[in-house]
Amino acid sequence: MTAPLIDPFQRPISYLRVSVTDRCDFRCVYCMSENMSFLPKKELLTLEELDRMCSTFIRLGVEKLRITGGEPLVRRGIMEFFRSMTRHLESGALRELTLTTNGSQLVKYADDLAAAGVRRVNMSLDTLDEDKFAKVTRWGRLPQVLKGIDAAQRAGMRVKLNAVAVKGFNEDELLTMTEWCAQRDMDLTWIEVMPMGEDISGDFRLDQYWKLTDLRAQLAQHYTLTDLPESTGGPARYVRLEETGQKIGFITPLSHNFCESCNRVRLTCTGELYMCLGQEDMADLRAPLRNNPDSDAPLEDAIRQAINLKPKGHDFDYSRQKVDGTMTRHMSHTGG
Ligand code: SAM
Ligand code: SF4
């Protein structure tokens, strides 16, 4: 039996997020600049390398795989990778294969994803207003994404929306988005924006946090909120709206209160393993993988060494309205 991955604080590592590309067909203002330079192809893990990497983590006890990016569905041949992970679902080693997507390619891929065993997708959508959507994503078009949601639901996948909460931008849509999701039987999670991208002056100021405690209080004026005890080992906290039955999540990525149950690590598209979203510490797993085409043992060793370095928590400090543990990576690098 291979020993499972346990970090120095006795947290089992069962959840791997994998960024399969740094590229994207959108340019969301809080995530990317308009003129991004992307990595040369040879830096990226190939699809075969991604398979080896993920299969090794699964052998070491990872049960949940979330594919992300950049936009995962713009990576060429990505369906091949999803299909290759199906064998781990079928063997029972992997309990969940899922992805986070901007939805732009779902019309094309929803059926294939469902056939590969994807049961749920997280979709990022911050506004239901076409103009605002075009503004926040720069290159995205709302109707295309809405058709993507329809396609995913038609294919039988559960869709959860993730919306970045920005004061003065989508604050006025709290109730419309909640109702819209309720009508479609979708849960909705709000993410507190991390100050990493650029500001659009006027109606989009990233330094104007819409504190999720305020958002929750606003919601409570219209609905009966019941706290849900379930924890996914991540930064999300959930309530149920009694009137609609839907789940509403709140993700405060920089709060400390979830670190003690953290069960996840993140792999970038170049094979760097980040043990904590809020720390710069990482381990290069591409070298042990590429340098040893015939054996996964050096990769396994490197993974174990990295997990041994997983920090207890991160160093952000919002208490004085400034971020002390600064983040220089964009979410498109670590995959959010
Ligand atoms: N392209 C896919 C998407 O948009 O869903 C997957 C990658 S994206 C980096 C993952 C998530 O990170 C998205 O839900 C996005 O809204 C979120 N994100 C990106 N930049 C962020 C920031 N500065 N603060 C908070 N969330 C951010
Ligand atoms: Fe692309 Fe997702 Fe970043 Fe938007 S949030 S630019 S869709 S990677």
Side-chain angles (χ1 to χ4, degrees), residues 17-39 65-75 78 98-106 109 113 118 120-127 132-142 144-145 148-149 152 159-167 169-170 177 186-200 204-212 215 234-236 249-255 264 266-269 274 277-278 316 318 323 326-336:
R17 287 191 180 216
V18 185
S19 170
V20 293
T21 178
D22 59 334
R23 287 163 200 256
C24 187
D25 51 348
F26 291 3
R27 289 289 181 278
C28 301
V29 290
Y30 45 72
C31 181
M32 292 192 184
S33 60
E34 187 140 29
N35 304 307
M36 292 288 287
S37 43
F38 293 107
L39 293 162
L65 207 54
R66 175 175 294 282
I67 308 306
T68 175
E71 173 47 41
L73 298 181
V74 302
R75 169 93 195 240
I78 195 62
T98 176
L99 74 154
T100 304
T101 173
N102 65 24
S104 68
Q105 308 299 312
L106 279 176
Y109 290 133
L113 286 168
V118 175
R120 298 192 307 150
V121 291
N122 282 8
M123 275 258 337
S124 304
L125 181 63
D126 306 325
T127 171
K132 278 158 80 176
F133 186 85
K135 205 164 193 179
V136 71
T137 62
R138 291 203 191 95
W139 295 3
R141 296 298 169 257
L142 184 63
Q144 180 191 10
V145 166
I149 296 179
V159 178
K160 189 189 88 174
L161 282 202
N162 285 340
V164 171
V166 183
K167 211 177 179 70
F169 176 72
N170 52 10
M177 282 183 68
M186 297 190 311
D187 296 329
L188 170 62
T189 292
W190 292 93
I191 309 175
E192 205 164 81
V193 72
M194 292 202 261
M196 292 196 287
E198 292 165 44
D199 289 356
I200 294 182
F204 203 113
R205 292 275 309 280
L206 288 176
D207 59 355
Q208 291 188 348
Y209 302 113
W210 181 11
K211 287 204 354 232
L212 297 191
L215 190 156
F250 306 97
I251 299 187
T252 318
L254 306 186
S255 75
R264 58 197 60 195
R266 294 176 162 78
L267 186 73
T268 69
C269 53
Y274 281 88
L277 183 59
F316 290 109
Y318 263 10
V323 182
T326 46
M327 281 283 295
T328 50
R329 309 193 299 275
H330 276 203
M331 291 282 263
S332 56
H333 187 61
T334 36

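Values below: every heavy atom of this structure, side chains too, minus hydrogens, waters and symmetry copies. For ligands, and for the atoms within them, numbers begin at 1 and follow the listed sequence. Everything numeric in this text was worked out from a predicted model, so none of it was measured.
Proximity of V159 to D187: side-chain heavy atoms (C-beta onward) are nowhere separated by under 4.5 Å. Residues V145 and L125 meet the side-chain proximity criterion, which asks for heavy atoms closer than 4.5 Å. Contact check for I78 versus L73: side-chain heavy atoms found under the 4.5 Å cut-off.
Between the side chains of E34 and W139, at least one donor-acceptor pair of N or O atoms lies under 3.5 Å. Looking only at atom types and distance, the side chain of S124 has no donor-acceptor partner in the side chain of N102 under 3.5 Å away. Counting only N and O atoms by type, the side chains of T21 and E71 include no donor and acceptor under 3.5 Å apart. R266 and S19 form no side-chain donor-acceptor contact under 3.5 Å, judged by distance and modelled atom types alone.
Ligand 1 has a nitrogen or oxygen under 3.5 angstrom from a nitrogen or oxygen of S124. For ligand 1, none of its N or O atoms has an N or O atom of N122 under 3.5 Å away. The distance criterion of under 3.5 Å between nitrogen or oxygen atoms is not met by T100 with respect to ligand 1.
Counting only distance, with no hydrogens or angles, the side chain of R138 and the backbone of M32 share a donor-acceptor pair below 3.5 Å.
Residue G70 has at least one heavy-atom neighbour below 4.0 Å for each of these atoms of ligand 1: 1 (N), 2 (C), 6 (C), 7 (C). Heavy-atom proximity to C28, at under 4.0 Å, picks out these atoms of ligand 2: 4 (Fe), 5 (S), 6 (S), 7 (S). Contact atoms of ligand 1 toward V193: 24 (N), 25 (C) (distance under 4.0 Å to a heavy atom of the residue). Heavy-atom contacts of E192 reach the following atoms of ligand 1: 25 (C) (cutoff under 4.0 Å). Atoms of ligand 1 found under 4.0 Å from any heavy atom of V164, numbered from 1 in the order shown, are 16 (O), 26 (N). Of all the atoms in ligand 1, the ones that sit under 4.0 Å from a non-hydrogen atom of T68 are 6 (C), 7 (C). In the vicinity of N102, heavy-atom distances shorter than 4.0 Å reach the ligand 1 atoms 2 (C), 3 (C), 5 (O). Of all atoms in ligand 2, numbered sequentially from 1 with element shown, those under 4.0 Å from a heavy atom of G70 are 8 (S).
Of all the heavy atoms of C24, the ones lying under 4.0 Å from any atom of ligand 2 belong exclusively to the side chain.
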